[in-house]
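Report on the following structure.
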4 protein chains.
Amino acid sequence: MSSAPSFKRLPRAVREQQMLDAAVKVFSRRGYHAASMDEIAEDAGISKPMVYAYLGTKEELFVACLQREGTRMTEAIAGAAAPELPADERLWRGLRAFFGFVGAHRDGWAVLYRQARGEQPFAGELAAMRARLVEVVAGMLDHALRAEGREIAGTELEVVAYALVGASESLADWLADHPEADPERTATRMMNVAWLGADQLLNGVTWHPSAG
Amino acid sequence: MSSAPSFKRLPRAVREQQMLDAAVKVFSRRGYHAASMDEIAEDAGISKPMVYAYLGTKEELFVACLQREGTRMTEAIAGAAAPELPADERLWRGLRAFFGFVGAHRDGWAVLYRQARGEQPFAGELAAMRARLVEVVAGMLDHALRAEGREIAGTELEVVAYALVGASESLADWLADHPEADPERTATRMMNVAWLGADQLLNGVTWHPSAG
Amino acid sequence: MSSAPSFKRLPRAVREQQMLDAAVKVFSRRGYHAASMDEIAEDAGISKPMVYAYLGTKEELFVACLQREGTRMTEAIAGAAAPELPADERLWRGLRAFFGFVGAHRDGWAVLYRQARGEQPFAGELAAMRARLVEVVAGMLDHALRAEGREIAGTELEVVAYALVGASESLADWLADHPEADPERTATRMMNVAWLGADQLLNGVTWHPSAG
Amino acid sequence: MSSAPSFKRLPRAVREQQMLDAAVKVFSRRGYHAASMDEIAEDAGISKPMVYAYLGTKEELFVACLQREGTRMTEAIAGAAAPELPADERLWRGLRAFFGFVGAHRDGWAVLYRQARGEQPFAGELAAMRARLVEVVAGMLDHALRAEGREIAGTELEVVAYALVGASESLADWLADHPEADPERTATRMMNVAWLGADQLLNGVTWHPSAG
DNA sequence: CATGAATGAGTCTTCATTCAT
DNA sequence: TATGAATGAAGACTCATTCAT
């Protein structure tokens with residue numbers, strides 16, 4: 001009857017994104033358990049039965065958030081670290097992409113790494129995501145080693161990668177809690193620790209991005 | 001008549017420890033919200049009202065767990081890293097104590113670093129604990145620097161320390177999830193990453209504990 | 001198919017009245033503390049969460065009862081005692097309205113004046129209601145005095161009004177406990193006491209409503 | 001062994017009075033339900049099992065309070081209004097004793113007339129006490145009537161007495177809430193209302209205690 | 001006599017989830 | 001499609017009351 005802009009009857013895909021936006025926001029602020037479906041629905045400007053119809057139960061909704069944010073982050077990082085570059089350059093670009101993402105999606109990060117960690121049903125999902133990331137980093141290191149004709153036991157490499165990922169996550173948490181902090185500088189700091197180690201840092205050696 | 005241990009009418013101090021043991025166990029398995037006071041009481045072999053009488057509300061109980069485990073850990077680490085040793089030795093002993101503690105108190109670790117992180121009321125408590133740890137590490141580094149007559153800006157140092165602590169926490173999480181893993185070896189790996197950095201590791205340099 | 005009244009999915013306003021009815025009934029029978037939300041919900045033919053959704057906590061629910069019954073009573077009395085009438089006539093009409101109300105809403109009266117009196121959180125609310133009533137009565141007396149060019153100190157007047165209100169409340173309690181008693185006759189008795197005092201009553205003087 | 005004053009092992013009767021004192025105090029402040037046996041025991045400086053051993057369950061304890069305070073009050077009044085005096089003098093002395101008692105035992109009054117009123121198990125006990133009082137007042141009036149050779153129907157008389165008692169209770173409540181108010185003056189005011197009625201008060205007639 | 005230790009039972013309150021319109 | 005109405009189930013917390021020492 002009318003072509004006036006109606007705020008209802010939006011296409012399903014749009015609605016779902018609105019809901020996920022609201023869910024990520026509420027989950028990150030309240031935590032998984034303390035978040036109520038009521039609040040999420042209200043924040044999305046929609047009624048509760050709609051949320052259930054579109055995205056299923058609370059658990060499924062949280063997983064959907066996890067996956068959307070996880071995919072976004074993974075893609076951001078993967079798109080940055082091209083395999084043909086030297087190892088330090090790849091690591092640097094990966095870190096820059098990672099901290100850039102966290103800085104721009106602090107809510108998403110909170111859902112991903114703060115809430116999902118402690119809740120039994122999601123720990124697995126999260127562990128899988130982190131495992132993929134660790135594998136990428138380990139592959140990076142392995143690639144560099146093989147280029148020099150050397151090799152390290154898989155487990156050993158994995159643990160190193162795990163530590164690097166963990167350190168990055170911790171700095172990311174710090175970044176998420178400090179809105180005034182600069183993602184780029186944080187990435188540089190992480191790069192220094194990761195690439196040079198405490199020993200060299202203590203000896204005055206530092207690493208700097210080459211061009212930027 | 002009998003000296004067999006009676007399981008009833010125990011003195012308050014004993015019961016409190018039993019309750020804290022049970023609470024740490026249940027909180028670590030279920031997460032803060034999903035844990036029920038019923039289950040904790042049952043696991044402690046006592047009725048719910050006693051838990052409330054001795055340790056207060058669920059929130060207070062969780063804080064009590066946090067503090068007991070946090071104190072234990074802090075003391076374990078502090079007792080290991082003597083200030084008169086050289087920087088790498090101090091770092092190594094601190095890490096060994098840390099991973100040794102986590103390996104021996106996996107539940108406690110889970111409560112401390114997996115559950116407390118996401119729950120608003122405890123994030124502060126936890127952040128304070130971590131801040132103390134970061135400061136200790138930063139102090140370690142600063143001490144070593146000054147010994148060589150050099151200096152780094154406080155913030156810079158703190159971030160490095162933060163990254164090291166974060167990496168250790170991540171490996172600790174990994175350790176807590178892998179019962180077969182050896183704390184000592186994990187500590188050695190962490191030491192390598194922290195002290196040498198990826199660059200040197202890739203170049204075949206490794207660090208080894210000197211004596212033991 | 002059928003126009004028989006459906007007992008489900010009633011609009012909010014209707015349900016709220018049902019709940020208040022049930023709450024007044026249960027509160028009056030059991031007392032505030034002994035009344036359980038379960039019983040109130042069951043008596044209203046609805047589940048507990050609806051009660052919480054519509055009327056809030058037990059305390060809020062009780063206040064809602066208090067206010068509904070208080071408003072009803074106040075309006076009944078205010079509508080009866082027109083200011084242009086002579087003092088005795090006004091008093092008489094007010095009393096008749098009051099006892100009529102109590103006779104018709106014995107439960108409401110019990111909630112108002114038996115339960116609210118002793119419970120700390122509501123004593124204030126109730127005291128305010130009674131204060132308004134006392135002021136009305138005091139105003140009535142003052143009006144009559146001024147008409148004859150005389151005056152009494154405010155405090156003095158207020159205490160007299162307080163006593164009259166108290167006497168009426170007591171008789172109302174008596175009325176609420178005696179279902180067979182006639183509100184109109186009770187009002188007449190109260191009028192006699194209030195208007196004539198024991199002295200004249202003892203001397204055979206009595207007061208009678210003029211017409212009706 | 002020692003004649004030093006021991007605060008324990010007091011004779012039973014003394015202990016019971018201490019407990020009743022504490023109970024009256026706590027019941028009057030918190031209300032019957034909100035009062036906890038814990039608080040009463042603590043306030044009495046005694047352990048809970050002792051309270052149970054001496055005075056029974058909470059309900060029995062409350063009844064004991066009711067009876068002690070009721071008896072005290074009844075005796076105070078009965079001792080004041082000698083039957084050989086004229087009606088107004090008897091009423092006056094009764095009122096003076098009553099308000100004097102309330103002024104001196106505000107806690108006891110609160111237990112008696114504010115808490116007991118709404119709680120089902122005690123309403124009966126209280127009603128009985130009030131009934132005795134009403135009968136006394138009614139008897140007073142009847143006595144005065146018969147002295148003049150006249151008579152009023154029993155019910156009629158009882159209702160008048162009931163109203164007088166009710167008015168007195170209300171003023172007593174007012175007195176209990178106003179620590180600065182003077183019991184004697186309050187009694188005088190009540191006497192004026194009761195004896196003279198509003199009509200005469202409005203016409204400037206007042207009643208005064210003859211000697212004191 | 002006196003008490004710290006202990007609990008069964010019950011209440012308020014919330015929330016994920018679904019129906020009927 | 002969209003939603004107000006509705007609830008089963010569960011969890012935190014309290015308290016009168018009683019043992020065992």
Side-chain angles (χ1 to χ4, degrees), chain A residues 8-12 15 33-41 45-54 56-62, chain B residues 6-16 30 33-41 44-54 56-61, chain C residues 6-16 33-41 44-54 56-61, chain D residues 6 8-12 15 33-41 45-54 56-62:
Chain A
K8 307 213 164 189
R9 306 260 171 188
L10 296 178
R12 175 166 187 138
R15 275 272 147 96
H33 271 102
S36 82
M37 295 297 271
D38 274 281
E39 188 177 356
I40 292 172
I46 220 110
S47 76
K48 245 187 315 177
M50 281 287 92
V51 178
Y52 279 87
Y54 279 23
T57 72
K58 190 184 187 183
E59 200 168 316
E60 290 165 340
L61 174 58
F62 189 80
Chain B
S6 163
F7 291 109
K8 304 213 160 189
R9 306 274 157 178
L10 297 181
R12 176 169 183 149
V14 176
R15 276 275 132 94
E16 279 185 349
R30 306 260 189 239
H33 271 104
S36 85
M37 294 298 270
D38 274 288
E39 187 178 355
I40 292 172
I46 208 95
S47 73
K48 235 188 323 176
M50 286 307 294
V51 180
Y52 280 90
Y54 283 178
T57 71
K58 190 182 187 181
E59 201 168 316
E60 291 165 340
L61 173 58
Chain C
S6 163
F7 290 109
K8 305 214 160 189
R9 307 272 155 180
L10 297 181
R12 176 169 184 147
V14 175
R15 276 275 131 96
E16 280 185 348
H33 272 104
S36 85
M37 294 298 269
D38 272 289
E39 186 177 357
I40 292 172
I46 209 91
S47 73
K48 239 187 318 177
M50 287 305 296
V51 180
Y52 280 89
Y54 283 177
T57 71
K58 191 182 186 182
E59 198 168 319
E60 290 166 340
L61 174 58
Chain D
S6 162
K8 307 214 163 187
R9 307 260 168 185
L10 295 179
R12 177 168 186 136
R15 274 274 145 94
H33 271 101
S36 81
M37 295 298 270
D38 274 283
E39 188 177 356
I40 292 171
I46 219 113
S47 75
K48 246 188 311 178
M50 280 288 91
V51 179
Y52 279 88
Y54 279 22
T57 73
K58 189 183 188 184
E59 201 168 315
E60 290 164 342
L61 174 57
F62 189 80

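Within every chain, numbering begins at 1; the chains are lettered A, B, ... in the order of the sequence lines, protein sequences first and strands thereafter.
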Secondary-structure string, 5' to 3', Watson-Crick or G-U under 3.5 Å, | for another-strand partners, for DNA chain F: .||||||||||||||||||||
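Within the 4.0 Å cut-off from OP1 or OP2 of F:dA2, at least one side-chain nitrogen or oxygen of A:Y54 is found. A sub-4.0 Å separation between OP1 or OP2 of E:dT3 and a side-chain N or O of B:R9 is absent.
As rounded to whole Å, 13 Å separates atom C1' of F:dA5 from atom CD of C:E16. Atom CZ of B:R30 is separated from atom P of F:dA10 by 14 Å (rounded to the nearest Å). At whole-Å resolution of the value, CD1 in B:I40 and P in F:dG11 are 12 Å apart. The CZ atom of A:F62 sits 16 Å away from the C1' atom of E:dA16 (whole-angstrom rounding). For A:I46 and F:dG4, the CD1 to P distance is 12 Å, given to the nearest whole Å. As rounded to whole Å, 11 Å separates atom C1' of E:dA6 from atom CG of B:L10.
In this structure C:Y54 satisfies the side chain to side chain contact (heavy atoms under 4.5 Å, CB included) test together with C:R12, C:R15, C:E16, C:M19, C:M50, sequence neighbours excluded. Under the salt bridge (Lys or Arg N to Asp or Glu O under 4.0 Å) criterion, A:E39 pairs with A:R30, sequence neighbours left out. In this structure, the side chain to side chain contact (heavy atoms under 4.5 Å, CB included) partners of B:E59, at least two apart in sequence or on a different chain, are B:Y32, B:T57, B:P121, B:F122. Evaluation of the side chain to side chain donor-acceptor pair (under 3.5 Å) rule for A:K48 yields A:D38 as partners, not counting sequence neighbours.
Each of E:dA2, E:dG4, F:dA2 was ranked by its minimum atom distance to the side chain of A:M50; first place goes to F:dA2.
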Under 3.5 Å between N/O atoms: give me all the protein pairs with nucleotides 15-17 of chain F, atom names plus distance.
residue	atom	partner	partner atom	Å
F:dA16	OP1	D:A35	O	3.1
F:dA16	OP1	D:K58	NZ	2.9
F:dA16	OP2	D:M37	N	3.0
F:dT17	OP2	D:Y52	OH	3.1
F:dT17	OP2	D:K58	N	2.9
F:dT17	O4	D:K48	NZ	2.5

